[in-house]
Amino acid sequence: MSDMLITDLDTVAEVAKAHQDAFEVMRYMLQFDEDLDDTALDAFIDRLATPIVAAIDCTQCANCCHNLTVYLTEDDSQRLGQHLGMTQVAFQAAYIDHESAQANDEWGCFKQQPCALLKGKLCSVYDARPDSCRRYPQFTPDFRWVLDDLIEGAALCPIILNLLLKLQPLVDAGIDKHL
Ligand code: SF4
Ligand code: SF4
């Protein structure tokens, strides 16, 4: 299915912009469907996302590492500091911004964008990367209630864009028959 997927990042941004209104209509249809079963919808989204995630090579992209604010927990920081052979004081001084993160009720975020731990298109701390990096892009649980964030992320992430493009005609035709 990889030949059907959009992975060129300029095209991703263009197509996401062109579909913005249609994605918003889809969000509206899903969020205002009172009979929709969230568990069944989430299971369907996971099935739809699996082959897309498998077909897109994140090591050829890294657009999220370039553009997103990455939030960390204290556990993430401990793990990363250890991985890099640094004390916590030194690691946090070098990499963590507490002030900006706390304005968003988070423990910390990386100071630099693109992420300072990105080397070329590869994560240099892959095994120890923050949990938020492991989870991204996260579609479930509660897919329809995080859809506004996902629509925003579609211009940046090929996985999100391709998932929304596949889903949109199914929602238009009536998602119930797929659940
Ligand atoms: S820690 Fe690794 S996966 Fe996370 S943003 Fe930095 S380079 Fe990307
Ligand atoms: S998660 Fe999305 S934006 Fe990040 S590297 Fe993979 S395809 Fe690219």
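Keep in mind it's a predicted model, so treat the numbers as computed, not measured.
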Subject >> Check: T73/D75 side-chain N/O donor and acceptor closer than 3.5 Å >> reply: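 Note: T73 and D75 side chains miss the donor-acceptor criterion.
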Original post:
Side chains of S77 and Q88: is there a donor and an acceptor less than 3.5 Å apart?
Top reply: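 There is such a pair between these side chains.
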Does any non-hydrogen side-chain atom of [Y] lie less than 4.5 Å from one of [X]?
X	Y	answer
T69	F110	no
D176	L36	yes
Y95	M86	yes
H66	L118	yes
S100	C109	yes

[X] [atom1]: over 12 foreign heavy atoms closer than 6.0 Å:
X	atom1	result
D8	CG	yes
K17	NZ	no
Q31	CD	yes

Checking the side chain of [X] only, and the main-chain atoms of [Y] only, is there a donor and an acceptor separated by less than 3.5 Å?
X	Y	answer
D38	D142	no
T140	F143	no
S132	Y71	yes
K119	S124	no
Q113	L68	yes
D33	M29	no

**OP:** Establish, yes or no, whether the cationic atom of R129 lies under 6.0 Å from the six-membered ring centre of Y126 and within 45° of the ring axis.
**Re:**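 The answer is yes, since R129 meets both limits relative to Y126.
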Subject >> Qualifying salt bridge (Lys or Arg N to Asp or Glu O under 4.0 Å) pairs with a residue from residues 93-117, counting only residues at least two apart or across chains >> reply: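 Those involving residues 93-117 do not exist here.
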Gap separating the [atom1] atom of [X] from the [atom2] atom of [Y], nearest 0.5 angstrom:
X	Y	atom1	atom2	value
H178	L170	NE2	CG	4.5 Å
I52	L167	CD1	CG	9.0 Å
Q138	D149	CD	CG	11.0 Å

Sequence neighbours left out, what passes salt bridge (charged side-chain N to carboxylate O under 4.0 Å, His left out) with [X]? Give chain and number order.
X	value
E24	R27
D76	R79
R134	D131

**OP:** Report yes or no: do V171 and Y28 belong to one cluster of Ile/Leu/Val/Met/Phe/Trp/Tyr joined by side chain heavy-atom distances under 4.5 Å?
**Re:**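 No, separate clusters.
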Subject >> Cluster overlap L122 with V53, hydrophobic side-chain contacts below 4.5 Å >> reply: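 No, separate clusters.
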Original post:
Taking it one step at a time, do V70 and Y136 satisfy side-chain contact (heavy atoms from CB on, under 4.5 Å)?
Top reply: CA-CA 10 Å; V70 176; Y136 188 84; over 6 Å; no
**OP:** Applying ring-ring contact (aromatic ring centres under 6.0 Å, His included), name anything that partners W107, two or more places apart in sequence or on another chain.
**Re:**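 H98.
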**OP:** Kindly indicate, with the supporting measurements, whether the criterion side-chain contact (heavy atoms from CB on, under 4.5 Å) is fulfilled by V146 and L150.
**Re:** CA-CA 6 Å; V146 297; L150 290 168; 4.0 Å; yes
Testing the basics here: between [X] and [Y], what is the closest heavy-atom pair and its distance to 0.1 Å?
X	Y	result
M26	Q168	SD-CA, 3.4 Å
I151	F23	CD1-O, 3.4 Å
A55	L5	CB-CD1, 3.5 Å

**OP:** Take L41 and R144, measure what side-chain contact (heavy atoms from CB on, under 4.5 Å) needs, and give me the verdict at the end.
**Re:** CA-CA 8 Å; L41 177 64; R144 63 175 164 157; 4.0 Å; yes
Under 3.5 Å, sequence neighbours excluded: what are the donor-acceptor pairs made by side chains of residues 154-165?
{"unit_1": "N162", "atom_1": "OD1", "unit_2": "I6", "atom_2": "N", "d": "3.0"}
{"unit_1": "N162", "atom_1": "ND2", "unit_2": "I6", "atom_2": "O", "d": "2.8"}
{"unit_1": "N162", "atom_1": "ND2", "unit_2": "P158", "atom_2": "O", "d": "2.7"}

